[in-house]
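Worksheet: one structure, shown below.
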Amino acid sequence: MRYREQLGIILMRDKGPRHSYHMRMSHFIALLVFFASMPALCAILAWQCAELWDQNKVLRANVGRFEADAQLAQARAERLAYLEELLNQASVPARDIILRRLASGNAPPQEVAPETAEPNLHEEGPGHEEFTVLDNGRVKISNVQVKRVGSNGLRIGLDLRNPDNEKMLAGEISVTLLTADGQKIPLIFDPLESGSFRINRFKRATMISHPGRNISLGNSQVIVEVKDAEDTPLYRNVYAVQQ
């Protein structure tokens, strides 16, 4: 008897109200089918989310590329407006150099007044047969800046843009220093690999070089040349060093 009382304490009976529900067989089967198809539905939704995420990444990349192109176009328009203003002034010392660069392309040759010509032109610079401006269109170079840094260093910055978005463009940038006394010195970058590039669309390249303390950078210029991976020249032009 005592054992039964202890067992009754452990196994207490539920004397509360009981409810029962009735469901049609068709509803029950539909419910089973719904729960059985849940894994497939979840997989389909996950796949759709992944597709939408990839499309969002592509759209964001396109928006970034369009914004970069718009900024480049705006900067180019500002530089062209400034160039037009300079060309309208006959007293600008470098006016003849600009006109020769324009004449080296598709523009017709223009005559330059003898009094506006610069007497100290390097043999490798524009306006001489030894130097030819090159731009075959496979790479777009813009926003070139050559500045003097430190005691005797140079910082060369430029924007590279690949017109063919379906192919990667790889190559090398080389810079040659033209001093006022006629020296022609190939520059070595620090680090060395800063002149190499691999681009799908756009890249800002910055190179640092230290020609040496015994080399004067006053009134100097640099020849910027870009070659592809097969060492084929793609671009070549000369720029003045900003003091």
Side-chain angles (χ1 to χ4, degrees), residues 1-81 135-145 155-173 189 191-208 226-235:
M1 185 71 179
R2 189 175 181 181
Y3 176 75
R4 290 183 178 180
E5 292 178 356
Q6 292 177 355
L7 186 62
I9 295 175
I10 298 175
L11 302 175
M12 297 179 64
R13 295 182 179 180
D14 186 5
K15 298 181 179 180
R18 298 181 181 181
H19 302 280
S20 61
Y21 297 94
H22 298 277
M23 181 181 296
R24 292 183 179 181
M25 183 60 66
S26 59
H27 294 173
F28 180 72
I29 294 176
L31 187 63
L32 291 179
V33 172
F34 172 76
F35 283 110
S37 61
M38 283 296 294
L41 292 175
C42 292
I44 294 174
L45 290 176
W47 177 75
Q48 287 291 337
C49 291
E51 287 290 326
L52 292 175
W53 180 263
D54 292 338
Q55 293 177 7
N56 183 45
K57 289 175 61 178
V58 173
L59 291 176
R60 291 179 61 184
N62 291 334
V63 169
R65 179 168 57 87
F66 292 149
E67 289 179 351
D69 291 343
Q71 293 177 359
L72 287 176
Q74 182 179 1
R76 183 174 299 174
E78 293 176 355
R79 290 195 297 270
L80 289 176
D135 188 358
N136 62 5
R138 289 183 56 193
V139 62
K140 297 297 182 181
I141 305 297
S142 61
N143 197 19
V144 180
Q145 297 178 349
R155 181 177 64 191
I156 303 98
L158 53 90
D159 294 338
L160 299 104
R161 188 166 63 89
N162 183 11
D164 189 356
N165 296 331
E166 297 180 357
K167 295 181 181 179
M168 178 175 289
L169 181 63
E172 190 82 17
I173 304 171
F189 302 138
L192 293 174
E193 61 273 9
S194 60
S196 303
F197 64 90
R198 292 176 62 88
I199 55 174
N200 286 326
R201 293 183 179 89
F202 175 82
K203 178 183 180 181
R204 176 67 181 177
T206 303
M207 292 80 67
I208 303 294
V226 181
K227 297 182 179 180
D228 62 8
E230 287 75 24
D231 206 30
T232 302
L234 306 179
Y235 178 88

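For the residue pair Asn136 and Arg138, the shortest heavy atom distance occurs at OD1-N, 3.1 Å.
Here the side chains of Lys140 and Pro163 are in contact, with some heavy-atom distance below 4.5 Å. Two residues are said to be in side-chain contact when any heavy atoms from C-beta on lie closer than 4.5 Å; Ile156 and Ile173 fail this criterion.
The distance from the CZ atom of Arg24 to the CG atom of Leu31 is 15.5 Å, given to the nearest 0.5 Å. Here the CZ-CD distance, from Phe197 to Glu172, works out to 8.0 Å after rounding to the nearest 0.5 Å. For the atom pair CG (Leu158) and OG1 (Thr206), the distance works out to 7.5 Å, reported to the nearest 0.5 Å. In this structure, CD in Gln145 is found 8.0 Å from CZ in Arg155, a value given to the nearest 0.5 Å. Rounding to the nearest 0.5 angstrom, the gap separating the CD1 atom in Ile141 from the CG atom in Asp135 is 8.0 Å. With rounding to the nearest 0.5 Å, the separation of CG in Asp164 from CG in Asn200 is 10.0 Å.
By the side chain to side chain donor-acceptor pair (under 3.5 Å) test, Gln71 is found to be paired with no residue, residues two or more places apart in sequence or in another chain being considered. Partners of Arg204 by side chain to side chain donor-acceptor pair (under 3.5 Å), not counting sequence neighbours, listed by chain and number: Asp159.
Asn162 places a side-chain N or O within donor-acceptor distance of the main-chain N or O of Lys167, the cut-off being under 3.5 Å.
Other residues, nucleotides and ligands contribute more than 12 heavy atoms inside 6.0 Å of the CZ atom of Arg201.
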Enumerate donor-acceptor pairs with a distance under 3.5 Å from any side-chain N or O in residues 35-63 to protein atoms, sequence neighbours excluded.
| unit_1 | atom_1 | unit_2 | atom_2 | d |
| --- | --- | --- | --- | --- |
| Ser37 | OG | Val33 | O | 3.0 |
| Ser37 | OG | Phe34 | O | 2.9 |
| Asn62 | ND2 | Val58 | O | 3.3 |

